[in-house]
Amino acid sequence: MQLLPETVRRFAAWCAVLLLAAGVGYVGVRLCSEFRTAVTPVLLALLGTALLGPLYRRLVQVGVHRSVAAGLTCVAVVGVVGGAVYIVVAALVDTGDEIVSSLRDAAKSLARHFGAAGTSLDDLAGNAKDLLAKFGGTAASNVISGVSVVGEGIAMAVLALLLVFFFLRDSHLVVDALRAVAPGSSADMVEAMARRAFEGIEGFMRGTTLIAFIDAVCITVGLLILRVPGAVGLGALVLVGAYIPYLGAFLSGAVAVLVALADRGFVIALWTLGVVLAVQVLEGHVLQPMIQSRTMQMHPAVVMLAITAGASVAGILGMLLAVPLTAAAFGVVHELRARYATD
């Protein structure tokens, strides 16, 4: 090795470090994938703890016992989430037929303007019965698989809620546990990195929730003014999709524009597009800098790459978890860089 120039040796050392980090990361991802039924509730519980932490701390400050405060917080989140899900589901059920009918009309309108596509759509509609008979067994197996997935999801949600309770109740013991397992004199650094990582997740959850609520209210009001059918259901889609940055807003906005195009015509569709774009501009140039830039400090390109990587690993769940986990990783990197720069 001494025969090689200094630049080559440094390059080789960095390559070895990158390969080792990539290998460790790949093994970690594979292990998380294999044990996803245990890992997913833990990650979801971390997100829930980051979002509910202020409420729990406020209850403890006013003298409520930690276990009681954690239980009240979990009851509150069940009530809020259950009520929100009920409102969203009720809105989608009430307006679902209108949305589906409008999307179907939009598809037919597009089919009339594009001959080849229209022929394909007509053929598909005419042969739907044959396709169902041909792939009936596959469809039935998919339904059974879907039921098992729903059951697994409910079990993971219940486990995540229980973990939120324990994470909140025993949050004061986390620092001592980290310092106890930290090797040598690195306890301060480990504690600082853990705090920065959790601050990144906490900032993402609080900021995203506030931005999602503002986006949903603004778009729902705009759609109601334009008398677009299914405005409440479309606003609910915006609220849910906002937790997936960029892609969720794009998909929910595209659905709103298609519904307006099918039911209200081209002019109202343009106005709907204007409303969606105005809300996105408000989010990107006002809400994001004010709410999230102080806590996440990530470039939009990094966010999009994180979402893509999360989708390739774990689908929709990966898209949801990718950004907060990346924010946590950036918090750790910032802490390490600050410490090494100081040294």
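The analysis underlying the following values was restricted to heavy atoms, covering all of them including side chains, and did not include hydrogens, waters or symmetry mates.
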- Query: With no hydrogens and no angle check, is any side-chain donor or acceptor of S312 less than 3.5 Å from a backbone partner on A309?
  - Reply: yes
- Task: Examine F165 and V77 and state if one hydrophobic cluster contains both, with Ile, Leu, Val, Met, Phe, Trp and Tyr joined whenever side-chain heavy atoms are less than 4.5 Å apart.
- Result: no
Residues L321, L44; criterion side chain to side chain contact (heavy atoms under 4.5 Å, CB included); working and verdict: CA-CA 8 Å; L321 297 174; L44 294 177; 4.1 Å; yes
- prompt: Can L72 be reached from V62 by stepping across I, L, V, M, F, W or Y side chains whose heavy atoms are under 4.5 Å apart?
  reply: yes
Open item on the list: Do I225 and V275 have side chains that approach each other closer than 4.5 Å (heavy atoms only, starting at C-beta)?
Closed with: no
Hits for side-chain hydrogen bond (donor to acceptor under 3.5 Å, both in side chains) against R227, two or more places apart or cross-chain, chain-then-number order -> none
Heavy atoms of L325 and L43 approach each other most closely as CD2-CD2, 4.2 Å
L51 and T209 have their tightest heavy-atom pair at CD1-OG1, 3.7 Å
Output for pair (L19 CG, W14 CH2), nearest 0.5 Å, gives 13.0 Å
L178 and A194 have their tightest heavy-atom pair at CD1-CB, 3.4 Å
Taking every heavy atom of A306 against every heavy atom of A322, the minimum-distance pair comes out as O-CB, 3.1 Å
Contacts satisfying side-chain hydrogen bond (donor to acceptor under 3.5 Å, both in side chains) that involve residues 42-58 (not counting sequence neighbours) are Y56-R66, R57-E202
Less than 4.0 Å between a side-chain N and a carboxylate O, is that true for R10 and E6? yes
- Query: Are V158 and F166 connected in a single hydrophobic cluster, I mean Ile/Leu/Val/Met/Phe/Trp/Tyr linked by side-chain heavy atoms less than 4.5 Å apart?
  - Reply: no
### Joint hydrophobic cluster, L282 plus L210, side-chain heavy atoms closer than 4.5 Å
yes
Task: Step-by-step side chain to side chain contact (heavy atoms under 4.5 Å, CB included) determination, V164 to L52 - done: CA-CA 9 Å; V164 168; L52 301 171; 4.1 Å; yes
| message | Do I201 and V323 land in one hydrophobic cluster if side-chain heavy atoms of ILVMFWY residues count as linked below 4.5 Å? | response | yes
Would you please test V255 and L251 for side chain to side chain contact (heavy atoms under 4.5 Å, CB included) and show each step? CA-CA 6 Å; V255 172; L251 293 178; 5.6 Å; no
Given the options L59, V60, L55, T73, L168 meets side chain to side chain contact (heavy atoms under 4.5 Å, CB included) only with T73
Distance col, row F167:CZ vs L162:CG, nearest 0.5 angstrom, shows 11.0 Å
Nearest heavy-atom approach of G200 to A327 is O-CB, 3.9 Å
In short, P54 meets A50 closest at the heavy-atom pair CD-O, 4.0 Å
Interatomic distance, CD@E199 vs NE2@H334, rounded to 0.5 Å, equals 12.0 Å
In this structure, CG of D215 is separated from OG of S252 (nearest 0.5 Å) by 8.5 Å
